[in-house]
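Small disclaimer: the values here were computed from a predicted structure and weren't measured. For the numbers below, each heavy atom of this structure counts, side chains included, while hydrogens, waters and symmetry mates do not. Lettering follows sequence order; numbering is per chain, from 1.
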Amino acid sequence: MAVEMLAYIDRPSPIHRLTGATKLICFILWSTAAMLTYDTRVLLFLFAAGIAIFIASKVKIQEIAFVLIFILAFLLLNNIAIYLFSPQEGVKIYGTSHVLFEIFGRYNVTSEQLFYQFNITIKYFTIIPAALLFIVTTNPSEFAASLNRIGVNYRISYAVALALRYIPDIQRDYRNIAITQQARGIDMSSKEKIGKRIKNMASIIIPLILSSLDRIEVISNAMELRGFGKNKKRSWYSARPFKRIDYIALILFGIVFILSLIITYYDGSRFYNPFGA
Amino acid sequence: MKKPVIQFEHFNFKYRTQVDPTLHDINLTIYEGEKVLIVGPSGSGKSTIGHCLNGLIPFSYKGEITGSLKIMGQETKDLDIFSLSKMAGTVLQDPDGQFIGLTVAEDIAFALENDVKNQDEMFSIVKEVSTMVDIDGHLQSSLHQLSGGQKQRVSLAGVMVDDVDILLFDEPLANLDPATGKHAIHLIDRIQKETNTTVVIIEHRLEDVLECQVDRIVVVDKGRIVADLTPNELLASSILEECNIREPLYVKAAKYAGSDVTAESKPSHIDTFTIDRDKLHTWFEATNPPERKKKAEPILELESIHFSYLPGREIIHNVSFSIEKGEMVSIAGKNGAGKSTLASLICGFVKPNSGRILFNSKDITNDTIKERAERIGLVMQNPNQMISKHMIFDEVALGLVLRGVSETEIKERVEKTLRICGLFPFRNWPISALSFGQKKRVTIASILVLEPDLIILDEPTAGQDFKHYTEIMEFLTELNEQGITILMITHDMHLMLEYTPRAIVIAGGKKIADDTSANILTDSVVIEKANLKETSLFDLAVKAGIKEPREFVGRFIAFDKEVRTSWQ
Amino acid sequence: MGKNLAIKTIVAIGIGAAVFVILGRFASIPTVVVPNTNFNTNYAFLALMAVVFGPIAGGLIGLIGHALLDSIMWGSIWWSWVVVSALVGFFIGFAAKRINIESGEFGKKQIISFNITQAIVQIIGWGLIAPTLDILIYAEPANKVWTQGIVAGLLNIVTVAILGTILLAAYAKTRVKSGSLKAE
Ligand SMILES: Nc1ncnc2c1ncn2[C@@H]1O[C@H](COP(=O)(O)OP(=O)(O)OP(=O)(O)O)[C@@H](O)[C@H]1O
Ligand SMILES: Nc1ncnc2c1ncn2[C@@H]1O[C@H](COP(=O)(O)OP(=O)(O)OP(=O)(O)O)[C@@H](O)[C@H]1O
Ligand SMILES: [Mg+2]
Ligand SMILES: [Mg+2]
């Protein structure tokens, strides 16, 4: 019934033990490296390392399966789109053309295109486990404290904490409003015509938004009553101190980051070219 | 001489958007260590007084103030909201606005974090305070996993960490089951005694608050203070009746029996109350027993319903019952027992894992929400979840508009319903300018106006004053006499006895009793298991040595209804 | 930045981001034709928040909301588009002063002003900045990302023009004028 979303999964593992700040920095390093590089060797290494870290986190595949399916479907569509829009992109990048077979016009299948699309796909696969892990192993309360620690203003850190805190509440509101609107006589099922459905959508969205605006009022009152913002700083109940494991993780990720950049740009191009032109 | 903590002098307040002031010439002094109860009809300005104390007025709600309000000797106009929040801790009326933190521990620590306390200190304070309110077993739970009673404790702990001088509770008992409500009142009492704070409680459930001793009761009506007396003096007077506030039932019964209720007879608690046994006996003999209704065919049947929100955690276990056409039935039970969930199941908001629901002997298990809504109307527990329009009239008219009713008929029906719910004077107002109890009435009106065959009301009288309570309930009875079936979820034991001959009790997702309300409320096993409470009438009858206390309760109710209908 | 943010602005950013996520998750209709493009009702909401609470709130709701939405839905963050969401929220917020929605007035003049702003901001954001970043970061084919950007931009402009205008009008109606309520 309820649509699933990724959320924190509490479990004793080395990955969970890292502070949110460490994980955030590592995650940023990791995804920057993965975004910049197109070097297949680096990507494959990051991919393998990502899988290893994933296993270390003791998070089960079933727990995130629904997101994975989503992502795989997206990657498939994206690959098709890339091919439809630009079947010769690989040839352009690698400078050679090894045709495997023709379809019609410029739509043929080349090793270069396949390799290029393989790279794009593997790139997503290197970013995804890291991001998934970051989300499911970081306690949202500690996350705000971490943001504050790495220099983000505490008020903005708290805004992030509020967002995390209220996503489930707003989701419940959304469902409730949809339900009560139907109970008053609006048909939301797919029997209705598209124009009508958009109008019905508005009859949920508008109350949701107006009630959220009321909620902003109520919550800022409550925060005010309990003294939020009276000092230049604030402390965090769920903050965690840096431990040795955090320093080790930061150093390791720093090394991987630098190495991957060196290897990628060593020959002056982001792309690793196996076609040896 | 005691030190004054709160001093209102010729204090007036007008909300920015209003034409007329909400508070008129308030003069009130509350001293250190006192425990004061504020009562008054819905919309009379109780929460507004509370907001003046904690600084939301004038810092968040804009308006005009004249006169003076001093807290701890300082004029509030010259302070800022932070220094006020150091002095007065508030537990707000609206449950949605209370919690900020993600987990229980964080929420309790919120004020400490803002004071930049270091972590070790926070841990120890949170530990200490949470033990005090008995929530230390749930520190890591997230807030929506708690039952109503537990939430109440967390909000209490959240204001206690701050060492405030004044604790302000706005309707702490609404939505709590009777046993938990009693527990909460004792908790507040204990905290006050241990810390010598000044406590101000705003509450409709007068009898429940009087469970523990209160120094003074302040009665507010239409924005003015009409009485400021000790409980004994107030109960001996006729002020409560004049302001349409429900007196404790045992006091009412004694008054009906013709006893002289004086301050000396100590009416503030049933245990101290000296009663006139003979008068009660005579009255009992002279009063007629209530009549009974006859049987009809079933309108709603639940057959072995099982349900879980999350796989593996079943909330409803094998519940079956049948409601007859034209019946008026209560569903009662502990906080978190699954009552609201049952209502959602009946209305199709959630689907049972197994089992069938029949309406007029037709299986509706697979009907859509909309199809069911044509015959079944539900007033939800939390009014915020139902309101979707900005203006009161539009909100009540919404269902009729969607059903394509003509404009003139809509106007007529909506206005009639608004009158019944006491909202007619406000029909052109935005809902945001209403008090909490008034908002709840808007949602009741929006369902009543549709006149469905079966109406389910989830806590219809929570936060309502006696006048509106009576009006709404009498209207429901009227509808019921026309053949509309009514199902009510309630924590109000007296409501259950008074209006619903039959009651179903849910505990831990199971049906544990299905009997006449009178029988249920004398069954100590059921009472214990489902956190219910015997009414004080029963205790009164026992105290007076009446042989059939159950019968006494029944006769009181019949008599009381008679008296009240003759008022109107 | 942020030092003097009012509590209300902070809460608006937090709750706003949460609503942005929920609308994006449940109330957007995929166009099917071009992958990763939707009728995004959440941009209408973003525009409303930017107009009500100003550029900083708008920018941060876009940034935090979109980053959270991406991570909760996809498990990874599409930075190129997140940046654009932030920019869109930020720049629409500049129309706030001119529209002054708190006055409760939202007539023809304000509607035109709002829609011109949002159209310009979005076409630059989605049609220009997002594809450029996509090419730089992901090295995806240029014609594909341009098409995606322009389609997404147009869809968002249409959604904001219709739903955003409705929302602002509804919000303006909720602003009650001083001394206007009297029990009749
Ligand atoms: N935010 C507001 N803006 C304008 N008027 C308001 C506002 N809040 C309350 N009022 C007005 O003040 C009156 C008193 O409201 P208040 O909330 O103090 O009532 P209350 O005694 O606490 O009632 P209840 O028992 O229903 O909670 C209401 O009838 C309403 O007209
Ligand atoms: N949406 C939900 N998801 C998961 N669990 C829920 C949800 N709603 C309620 N529950 C759980 O189901 C149980 C029954 O809840 P329900 O709201 O039916 O209780 P109730 O009997 O109405 O209590 P109260 O008297 O406090 O209103 C509770 O333990 C609650 O935590
Ligand atoms: Mg109130
Ligand atoms: Mg309930």
Side-chain angles (χ1 to χ4, degrees), chain A residues 1-2 8 10 139-141 144-145 154 158 161-162 164-165 168-169 172-173 175-189 191 203-204 206-208 210-211 213-215 217-241, chain B residues 54-56 59-60 81-82 85-86 89-90 92 94 96-103 105-106 109-119 122-123 126 144 158-159 162 309 344 347 349-351 368-370 372-374 377-378 380 384-390 398-399 402-403 432 446 450:
Chain A
M1 184 92 232
Y8 175 56
D10 197 5
N139 183 341
S141 336
Y154 84 77
Y158 208 82
L162 281 174
L164 292 168
R165 154 84 172 78
D169 281 38
R172 232 169 299 148
D173 278 6
R175 238 179 72 76
N176 278 326
I177 292 171
I179 281 170
T180 40
Q181 294 294 321
Q182 290 174 74
R184 301 273 188 83
I186 291 177
D187 196 349
M188 298 282 182
S189 58
K191 284 180 221 157
S203 74
I204 306 181
I206 293 173
L208 179 77
L210 293 182
S211 71
L213 287 164
D214 284 343
R215 193 171 225 160
E217 205 111 335
V218 174
I219 293 164
S220 36
N221 283 345
M223 284 172 59
E224 204 130 23
L225 282 181
R226 294 169 73 183
F228 183 85
K230 66 174 142 187
N231 292 311
K232 290 228 158 56
K233 282 195 312 198
R234 98 191 276 278
S235 54
W236 303 82
Y237 183 85
S238 0
R240 279 200 312 212
Chain B
N54 59 33
L56 284 182
F59 298 109
S60 182
I81 194 158
F82 295 138
S85 75
K86 278 270 113 181
T90 316
L92 293 167
D94 190 338
D96 295 337
Q98 194 62 51
F99 301 109
I100 305 160
L102 255 172
T103 63
E106 272 174 90
F110 186 75
L112 300 173
E113 295 180 324
N114 297 330
D115 272 336
V116 210
K117 288 254 191 310
N118 74 43
Q119 236 179 352
M122 279 199 270
F123 286 149
V126 168
H144 62 257
V159 295
D162 234 359
Y309 284 102
S344 308
C347 295
F349 299 172
V350 290
K351 293 257 183 299
T368 64
I369 298 174
K370 187 192 168 200
R372 297 184 202 208
E374 275 153 26
L378 170 67
M380 298 216 238
N384 300 337
Q385 288 177 358
M386 282 185 72
I387 292 169
S388 60
K389 289 280 178 195
H390 182 61
L398 178 63
L402 288 171
R403 282 168 173 72
S432 58
S446 69
L450 299 176

Examine whether an atom of A:Ser211 lies under 4.5 Å from a heavy atom of chain B, and if so say whether it belongs to the side chain, the backbone or both; otherwise answer neither.
-> neither
The interface call for B:Lys389 against chain A, heavy-atom contacts under 4.5 Å, is neither
Would you check if the side chain of B:Asn114 reaches a backbone N or O of A:Arg226 as a donor-acceptor pair within less than 3.5 Å?
-> yes
Who wins among B:Val126, B:Asp162, B:Asn118 for the most heavy-atom pairs under 4.5 Å with chain A?
-> B:Val126
OG (B:Ser85) and NZ (A:Lys230) are apart, to the nearest 0.5 Å, by 5.0 Å
Chain B contact via A:Leu208 - which portion, at a heavy-atom distance below 4.5 Å = neither
For residues B:Met122 and A:Ser235, report the shortest heavy-atom separation together with the two atoms involved.
-> CE-OG, 3.4 Å
Looking at B:Ala105, B:Cys347, B:Gly377, which makes the most heavy-atom pairs under 4.5 Å with chain A?
-> B:Ala105
Measure the shortest side-chain to side-chain distance between B:Val350 and A:Arg175 over non-hydrogen atoms and say whether it is less than 4.5 angstrom.
-> yes
Contacting region of B:Val159 [heavy-atom separation from chain A under 4.5 Å] = neither
Pick one of side chain, backbone, both or neither for A:Leu210, based on which atoms fall under 4.5 Å of a heavy atom in chain B.
-> neither
In this structure, CD1 of A:Ile179 is separated from CG of B:Leu378 (nearest 0.5 Å) by 10.0 Å
Compute the ring centroids of B:Phe110 and A:Tyr237, then answer whether they are less than 6.0 Å apart.
-> no
Atom group of A:Asn221 that falls short of 4.5 Å from chain B, counting heavy atoms | both
Rounded to the nearest 0.5 Å, what separation is found between the CG atom of A:Leu225 and the CZ atom of B:Phe82?
-> 10.5 Å
Chain A: which of B:His390, B:Arg372, B:Arg403 shares the most heavy-atom pairs with it under 4.5 Å?
-> B:Arg403
OH/A:Tyr158 to CD/B:Glu113 distance, rounded to the nearest 0.5 angstrom?
-> 6.0 Å
Straight-line distance of B:Glu106 CD to A:Arg165 CZ, nearest 0.5 Å = 9.5 Å
Portion of A:Ala239 that has a non-hydrogen atom of chain B nearer than 4.5 angstrom = both
Smallest heavy-atom separation, B:Asp115 atom then A:Asn231 atom, equals CA-ND2, 3.8 Å
